[in-house]
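The shown structure was predicted, so the numbers you read here are calculated from the model rather than taken from an experiment.
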Amino acid sequence: MTQIPNLHREVVSGIVQVVKYLSEQNNKGIKSLGFGELMNAGRSGRTPEAQTYILEFVKDGVGSLQKKHIDDVVNGNYEVIWDTVNRYLKFRGYTPVEPVPIDV
């Protein structure tokens, strides 16, 4: 399996930013967000490789997150995001990694 240094960490960080942005906007009463707006929330400063996987999450995964998982992420528990990223990237040929602290 392949390993790219910090890929998992970058993808998790970007997805966490997307989820937190989505939650903030929902709390403000904004229920309809554009695809590009969500992507911009998570891709800043990320490598092109990480941006690709963040894009896939925004396209396919953000709408399927349960409220409990959104609340967990907002409260600093990123376990479900790490698990999702590890499973997704493993399917793409990357070695799963242990969760590490992230900056968001």
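The minimum heavy-atom distance between Ser13 and Ile102, with the atom names listed, is OG-CB, 3.4 Å. Of all the heavy atoms in Ser23 and Ile70, the pair that sits closest is CB-CG2, 4.0 Å. Contact record, Val73 with Tyr78: O-CE2, 3.3 Å, taken as the closest heavy-atom pair. Taking every heavy atom of both residues into account, His8 and Trp82 meet most closely at CB-CZ3, 3.8 Å. Here the closest non-hydrogen pair linking Lys90 and Pro96 is CD-CG, 3.8 Å. Here the shortest heavy-atom pairing between Arg46 and Gln51 reads O-NE2, 3.0 Å.
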Residue pair Lys68, Asp72: steps toward the side chain to side chain contact (heavy atoms under 4.5 Å, CB included) verdict: CA-CA 6 Å; Lys68 178 205 178 309; Asp72 284 349; 2.8 Å; yes
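Rounding to the nearest 0.5 Å places CZ of Phe57 at 11.5 Å from OH of Tyr88. Atom CG of Leu33 is separated from atom CG of Asn26 by 6.5 Å, given to the nearest 0.5 angstrom. Interatomic distance, Thr47 OG1 to Leu7 CG, rounded to the nearest 0.5 Å: 6.0 Å. Taken from CZ in Arg43 to OG1 in Thr52, the straight-line distance is 11.0 Å, to the nearest 0.5 Å.
Tracing side-chain contacts under 4.5 Å through hydrophobic residues (I, L, V, M, F, W, Y), one reaches Ile4 starting from Val100; they form part of the same cluster.
Screening Val16, Leu38, Asn40 for a side-chain contact (heavy atoms from CB on, under 4.5 Å) with Tyr21, the sole residue that qualifies is Leu38. Just one of Ile15, Leu22, Val18 meets the side-chain contact (heavy atoms from CB on, under 4.5 Å) condition when paired with Val58; it is Val18.
Within a 6.0 Å sphere centred on CD of Glu56, other residues, nucleotides and ligands contribute more than 12 heavy atoms.
The main-chain N or O of Pro101 is found under 3.5 Å from a side-chain atom of Arg9 such that the two form a donor-acceptor pair.
Using modelled atom types, one finds no donor on one side chain facing an acceptor on the other under 3.5 Å when comparing Tyr53 with Glu10.
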